[in-house]
Amino acid sequence: MTLRPLNIDPSKCFIAGAWVNPIGQEVLPLLNPSDGTTLCQIARGKSEDIDAAVNAADAALAGDWGKATAAERGRVLSTIGRAVLTHVDELAKLEAVDVGKPLAQARADVLALARYLEFYGGAADKIHGETIPYLDGYTVYTLREPHGVTGHIIPWNYPMQIIGRSVGAALAMGNACVLKPAEEACLTALAFAEIAHQAGLPAGALNVVPGLGAEAGAALSAHKGVHHISFTGSVGVGKLIQATASENVVPVTLELGGKSPQVVFDDANIDAALPFLVNAGIQNAGQTCSASSRILVQRGVYDQVVAAMAARYNALRAGPALDNLDVGPLVSPRQKEIVEGFIAKGADLTCVARGQIIDGAPIGGAYVTPTLFADVPPDHTLAQDEIFGPVQVIIPFTDEAEAIAIANGTAFGLVASCWTENGARQMRMARALRAGQVFINNYGAGGGVELPFGGTGLSGHGREKGFEALYGFSTLKTVAVLHG
Ligand code: NAI
Ligand code: MG
């Protein structure tokens with residue numbers, strides 16, 4: 001396949017509206033996780049490239065981008081969204097090959113990116129301050145203003161979706177962005193920069209510097225010219241980023257994954273639940289922040305649910321991204337090693353089903369066999385830690401109180417779901433579950449861009465998506481005028 005369908009050059013950074021070599025002239029290999037070959041070389045951006053990107057963002061804020069009205073910003077975002085839709089096939093293929101994601105899932109991500117741009121394009125001029133009744137002789141009002149330069153450090157699992165929710169919202173509020181995509185998958189970030197530029201986004205409003213986390217990522221999070229950091233990725237790096245941001249006293253939004261449960265009660269509509277129970281665990285090979293990796297099932301339907309999930313697992317097929325099967329490879333041999341390490345730690349557990357890696361899947365691909373465990377003690381490593389692979393655990397429970405205790409019994413709290421036909425219990429569970437999003441009789445709600453999203457506990461803090469994100473990507477100024 002051609003890697004330059006959109007005229008991108010992955011060995012370069014995109015800064016101030018142009019493709020530029022990293023100042024150190026170094027590159028890194030980008031792996032194709034479906035077969036282990038090198039797809040291309042990508043720029044190894046470092047702190048001097050981040051400096052250049054931050055300077056370009058500053059210049060954009062001082063220039064056309066900073067002067068654009070909210071309506072003009074919204075129009076540009078909407079135009080970019082439509083431009084993304086004219087490149088659906090190319091972007092889907094790039095994302096599939098780069099991430100190892102089955103093509104249909106990559107295509108859904110392109111559509112989600114376009115939808116974010118449509119949403120934030122429409123929202124840009126609909127967010128405003130207030131007037132506040134105050135002392136006699138005063139008029140007091142608030143202004144929503146951009147932070148300035150926003151830094152976006154994103155992972156490899158959903159590059160396009162995360163660009164949509166974070167860069168889309170930041171641009172809508174008038175910030176200028178510096179984006180550090182993951183070293184494992186950065187092609188669609190670069191393609192997006194090119195598309196946005198062609199669609200009329202002023203130079204410097206979005207700059208992309210590929211590179212390693214410890215180099216370009218650390219430089220971006222520590223940069224004194226960056227006024228807000230949004231990060232999606234591991235807990236460990238999230239802590240580092242929060243510590244670094246505290247040095248500069250800048251706000252951070254952290255989305256650090258989870259161990260999200262689905263709770264199935266005896267009275268649930270099991271047929272309706274089943275596809276969600278499995279798909280939420282194996283989508284993107286389980287490499288999803290909001291993956292449902294724990295399935296809690298009440299004892300009355302326990303055997304039935306275990307058997308039905310096992311049947312689905314036995315039918316799962318893993319293979320190359322472009323074969324568009326149920327599951328692709330993991331993003332890298334390193335992630336494969338981590339996930340296989342977890343599966344090995346389940347040697348003491350009951351493994352009730354495994355899918356299959358198809359015959360002919362390239363030997364060098366990072367494939368992991370989808371694996372389902374049952375009767376898992378709630379305090380087991382596999383029921384506590386984020387695995388980030390196609391692995392789910394089923395845990396039995398007796399009553400509502402026990403279900404809540406188990407569901408809330410990890411350090412995370414990103415999303416949770418509850419399956420029951422009992423309306424009062426639906427309401428109680430919605431309140432009791434510790435998570436940033438709770439789903440009743442569904443999981444994920446189709447990923448709606450309108451729905452605020454974020455975590456509690458180790459899952460992070462701050463909210464992305466929906467209008468909430470626009471508050472996060474802006475700061476509030478109170479103006480008090482004494483006029484007598
Ligand atoms: P990671 O947290 O190292 O990488 C995410 C992003 O952070 C990448 O762009 C990376 O270059 C950057 N980064 C790494 N070190 C940095 C530093 N010191 N300063 C600034 N930026 C830095 O995650 P990784 O290693 O790719 O995956 C490890 C585990 O993290 C996964 O197994 C999974 O459990 C979790 N994870 C969660 C994600 C989520 O969606 N919440 C996404 C990716 C990983
Ligand atoms: Mg890759």
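Counting starts at 1 for both ligands and their atoms, following the listed order.
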Enquirer: Please confirm whether Y158 approaches ligand 1 to less than 4.0 Å, judged on its heavy atoms.
Expert: no
Enquirer: Going by the closest heavy atom to atom 5 (C) of ligand 1, which one wins out of V237, L179, T232?
Expert: T232
Enquirer: Only counting residues at least two apart or in another chain, list the ones meeting side chain to side chain donor-acceptor pair (under 3.5 Å) with S292.
Expert: Q262
Enquirer: Identify, by atom number and element, the atoms of ligand 1 in contact range of G257, meaning under 4.0 Å from any of its heavy atoms.
Expert: 41 (N)
Enquirer: Suppose I only count heavy atoms of C289 and a 4.0 Å limit; which atoms of ligand 1 are within that range?
Expert: 39 (C), 40 (O), 41 (N)
Enquirer: Quick one: does any side-chain atom of N442 pair with a main-chain N or O of I440 as donor and acceptor, under 3.5 Å?
Expert: yes
Enquirer: Is there a donor-acceptor pair under 3.5 Å between the side chain of D35 and the backbone N or O of G364?
Expert: no
Enquirer: Considering only the protein, which heavy-atom contact is closest to atom 29 (C) of ligand 1, and what is its distance?
Expert: S234 CB, 3.9 Å
Enquirer: Around atom 32 (O) of ligand 1, find the nearest protein heavy atom and jot down its residue, atom name and distance.
Expert: Q335 NE2, 2.9 Å
Enquirer: If you count the atoms of ligand 1 from 1 in the order shown, which ones are under 4.0 Å from a heavy atom of A218?
Expert: 19 (N), 20 (C)
Enquirer: Any chance the rings of H380 and F373 have centres within less than 6.0 Å?
Expert: no
Enquirer: Any heavy atom of N157 closer to ligand 1 than 4.0 angstrom?
Expert: yes
Enquirer: Within the 4.0 Å heavy-atom shell around G217, which atoms of ligand 1 are there?
Expert: 19 (N), 20 (C), 21 (N)
Enquirer: Can K465 be said to sit on top of Y116's aromatic six-ring, NZ or CZ under 6.0 Å from centre and within 45° of the ring axis?
Expert: no
Enquirer: Taking 4.0 angstrom as the limit and counting only heavy atoms of E255, give me the atoms of ligand 1 inside it, by number and element.
Expert: 41 (N)
Enquirer: Tell me: protein heavy atom nearest atom 25 (O) of ligand 1, and distance?
Expert: R334 NH2, 2.8 Å
Enquirer: Do P155 and ligand 1 have an N or O pair less than 3.5 Å apart?
Expert: no
Enquirer: Would H228 and V250 satisfy side chain to side chain contact (heavy atoms under 4.5 Å, CB included), going step by step from the backbone distance to the final call?
Expert: CA-CA 6 Å; H228 179 282; V250 295; 5.9 Å; no
Enquirer: Output yes when a side-chain donor or acceptor of H152 lies under 3.5 Å from a complementary backbone atom of S230, and no otherwise.
Expert: no
Enquirer: Ignoring hydrogens and geometry, is there a side-chain-to-backbone donor-acceptor pair from E386 to G257 under 3.5 Å?
Expert: no
Enquirer: At what distance is the nearest protein heavy atom to atom 10 (C) of ligand 1, and which residue and atom is it?
Expert: E183 OE1, 3.6 Å
Enquirer: Which protein non-hydrogen atom lies closest to atom 26 (O) of ligand 1, naming both residue and atom, and how far is it?
Expert: W156 NE1, 2.6 Å
Enquirer: Heavy-atom distances under 4.0 Å are what count here, so tell me which part of L240 touches ligand 1: side chain, backbone, both or neither.
Expert: side chain
Enquirer: Give the residue, atom name and distance (to 0.1 Å) of the protein heavy atom nearest atom 8 (C) of ligand 1.
Expert: I154 O, 3.5 Å
Enquirer: For atom 34 (O) of ligand 1, what is the nearest protein heavy atom, given as residue, atom name and distance?
Expert: E386 OE1, 2.7 Å
Enquirer: Got the closest protein heavy atom to atom 13 (N) of ligand 1, with its distance?
Expert: G213 CA, 3.3 Å
Enquirer: Under the salt bridge (Lys or Arg N to Asp or Glu O under 4.0 Å) definition, can you give me all pairs with a residue in residues 244-254, not counting sequence neighbours?
Expert: none
Enquirer: Is it the case that the side chain of D58 and the backbone of V149 share a donor-acceptor pair, with hydrogens and angles ignored and the cut-off at 3.5 Å?
Expert: no
Enquirer: Just checking, is any N or O donor in the side chain of N248 or H223 under 3.5 Å from an acceptor N or O on the other one?
Expert: no
